[in-house]
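Only one structure is covered here, and it is reproduced in the block below.
Letters go in sequence order (proteins before strands), and every chain restarts at 1. In what follows, every heavy atom counts, from backbone to side chain, and hydrogens, waters and symmetry copies are set aside. Treat the numbers as computed from the prediction; the structure is a model and nothing was measured.
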Protein chains: 2
Amino acid sequence: MPRSEIDGIDRKLLVALQQDARLTTEQLGRRVGLSASPCARRVRLLEAAGVIKGYVAVVDQSKAGLPISVFVSIKLERQREEELDRFAEAVARWPEIVDCYLMTGQRDYLLRIVVKDLPAYETFLKQKLTRLEGVASIESSFALGQVKHSTVLPMIET
Amino acid sequence: MPRSEIDGIDRKLLVALQQDARLTTEQLGRRVGLSASPCARRVRLLEAAGVIKGYVAVVDQSKAGLPISVFVSIKLERQREEELDRFAEAVARWPEIVDCYLMTGQRDYLLRIVVKDLPAYETFLKQKLTRLEGVASIESSFALGQVKHSTVLPMIET
DNA sequence: CTACAAGATCAATATTAGCCACATTCCTCT
DNA sequence: AGAGGAATGTGGCTAATATTGATCTTGTAG
C-alpha cells in the first residue's frame, strides 16, 4: 500500500526545508540520504498533504523598522460563540497582531503585537483593541528582546 | 547617492515575499508595480542588507504531529551576566523552545514550547528546564489552539 | 516465488534566475 | 532651465534547476 504517514526521512526533509527552503532537490537529497528524484516526489507529497503550508521569506524585525513585540493577554466578558467569533475576526483583520493563541487558565487569549515604537502601540490599543466589545480586561507585557525565534519545529525522531 | 532606506516598494516586496517566497521575479514585479529586473535587484539588496534573513518552509504544526504549544514564563534567581548567558545557551540548544523573549515586569523570560503531547512536555520540564541552575520559578500556560500565526510583519505605510 | 512499494538513474523539456548593456524617466540641486 | 545621478524598462543570452516520464533495481511481505 502507499505510504501515508511521516517517516524519518520526511522529518529530515521538513527540518532542512524549515531551515532553508532554497536548497535544490539535489542538495536536499544529499542531506536526507536520497537522490534528487525521489526527494522531489516526497516534497511534493508533503505539500499536497498540507504538511508544508507554503514557503515564505523571513524578515528581520528590527531591520524592517518594527523592533517592538508586546504580549497581550485578554479576558473576554463571556465566552459565547458570538463573542469568540467577533474576536477571531478582528484578530485576523489586524496585521499588528502577529500571533494569537486561545489559552487555558484565567486569561482567554494571548497575543503578540508587533509595532515600530511605543506610541504606535498606544495607538493600536486605543483605536482598536480597547474598542472591541466584549473584552473584559487587557494586560500588556513588553519584550526587551528576542532571544530566539525558530522557524524549525522540534521534529524529534522516535 | 545610492538609496539605502526601505521605501514603499520595498515594503510591498517584503509583504509579498513573506506571504509567498515562490513568486517569480516577474510576478513579484507585477504586484509591486515594477518590471522584473529592478525588482530582482531590490530583492538582492534587501537580502544583502540582512532585512531578508532567509527563506523557509512553513510546516503545519498539527499535521506534523506537534499540536501542543505551551507558554512558559521564567524568573531567574539573579540577572547576572553568567546566569543570562547560561540560560540563553540552553534556549538555543533545545529545539522544543521555539520562541524566547526577554521580558519586562516580574517575569524574566517568556518561552513558547512545542511538543507532541502533555507527557512530552512533562519530560521536557523534568529533564531539561527544571534542571537548569539559576531558575527561580516556572509558570506554564497551555494553548488550546492557534487562532492566528502570521508570517507577515505589519508593514504599515507611512 | 511473486507482487509491490520505493529508490536510482537517465533523458528531454521548459522555466527561471542571473547578467549585462543600453536607452529612458524621474528627481534634485545648482 | 539645465546638468547629473539614481533608478527603471527592455531585450538578449547563458546556466542552473525543476519537472516529467521511462526503465531498472532492491527490499520486503504475502
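Remark: P of dA6(C) and CD1 of I6(A) are 15 Å apart, rounded to the nearest angstrom. Distance CG (D20(A)) to P (dT17(D)): 13 Å, rounded to an integer number of Å. Rounded to an integer number of Å, the gap from D7(B) CG to dC27(C) P is 13 Å. To the nearest angstrom, C1' of dC26(C) lies 12 Å from CD1 of I9(B).
Looking at K75(A), its side chain does come within 3.5 Å of a backbone N or O of Q106(A) through a donor-acceptor pair. Checked by atom type and distance alone, the side chain of Q27(B) pairs as donor or acceptor with a backbone atom of T24(B) at under 3.5 Å.
Think of V58(A) as one node in a network of Ile, Leu, Val, Met, Phe, Trp and Tyr side chains linked at under 4.5 Å; its network also takes in V56(A), V56(B), V58(B).
Applying the salt bridge (charged side-chain N to carboxylate O under 4.0 Å, His left out) rule to pairs touching residues 139-155 of chain A yields R107(A)-E139(A), sequence neighbours excluded. The salt bridge (charged side-chain N to carboxylate O under 4.0 Å, His left out) analysis of residues 47-62 of chain B, with sequence neighbours excluded, yields no pairs. Note on residues 91-104 of chain A: pairs passing salt bridge (charged side-chain N to carboxylate O under 4.0 Å, His left out), not counting sequence neighbours, are E89(A)-R93(A), E96(A)-K128(A), D99(A)-R112(A).
Of the candidates dG9(D), dA8(C), dA6(C), dG9(D) carries the atom nearest the P38(B) side chain, counting heavy atoms from C-beta on.
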Identify all pairs in which a protein N or O lies below 3.5 Å from an N or O of nucleotides 16-23 of chain C, and state each distance.
residue : atom : partner : partner atom : Å
dA17(C) : OP1  : T25(B)  : N            : 3.3
dA17(C) : OP2  : T25(B)  : OG1          : 3.1

Please write out each protein N/O paired with an N/O of nucleotides 24-30 of chain D under 3.5 Å, distance rounded to 0.1 Å.
none

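Looking at residues two or more places apart in sequence or on another chain, you find a ring pair (Phe, Tyr, Trp, His ring centres under 6.0 Å) between F87(A) and Y109(A). Take L118(B) and apply the side-chain contact (heavy atoms from CB on, under 4.5 Å) test, not counting sequence neighbours, and it matches I68(B), F142(B). Evaluation of the side-chain hydrogen bond (donor to acceptor under 3.5 Å, both in side chains) rule for E26(B) yields no partner, not counting sequence neighbours.
Within residues 28-35 of chain A, no residue is approached by DNA chain D to less than 4.0 Å at the level of any non-hydrogen atom.
Using a 4.5 Å heavy-atom cutoff, the side chains of Y101(B) and S69(A) are in contact.
Put simply, M155(A) and I97(B) are part of two different groups of oily side chains (I, L, V, M, F, W, Y) that touch within less than 4.5 Å, one to the next.
Comment: R80(A) does not engage D85(A) in a salt bridge, judged by the lack of any side-chain N to carboxylate O separation of less than 4.0 angstrom.
Contact annotation: R41(A) does not reach the phosphate of dT20(D) (side-chain N/O to OP1 or OP2, under 4.0 Å).
Across its full length, the helix from dC1(C)-dG30(D) to dT30(C)-dA1(D) shows an angle of 40° between the axes of its 5 terminal pairs at either end, rounded to 10 degrees.
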Show me the side-chain donor-acceptor pairs of residues 15-23 of chain B shorter than 3.5 Å, one per line, residues at least two apart or across chains.
residue : atom : partner : partner atom : Å
Q18(B)  : NE2  : T151(B) : O            : 3.2
Q19(B)  : OE1  : R31(B)  : NH1          : 3.3
D20(B)  : OD1  : R22(B)  : N            : 2.8
R22(B)  : NH2  : A21(A)  : O            : 3.2

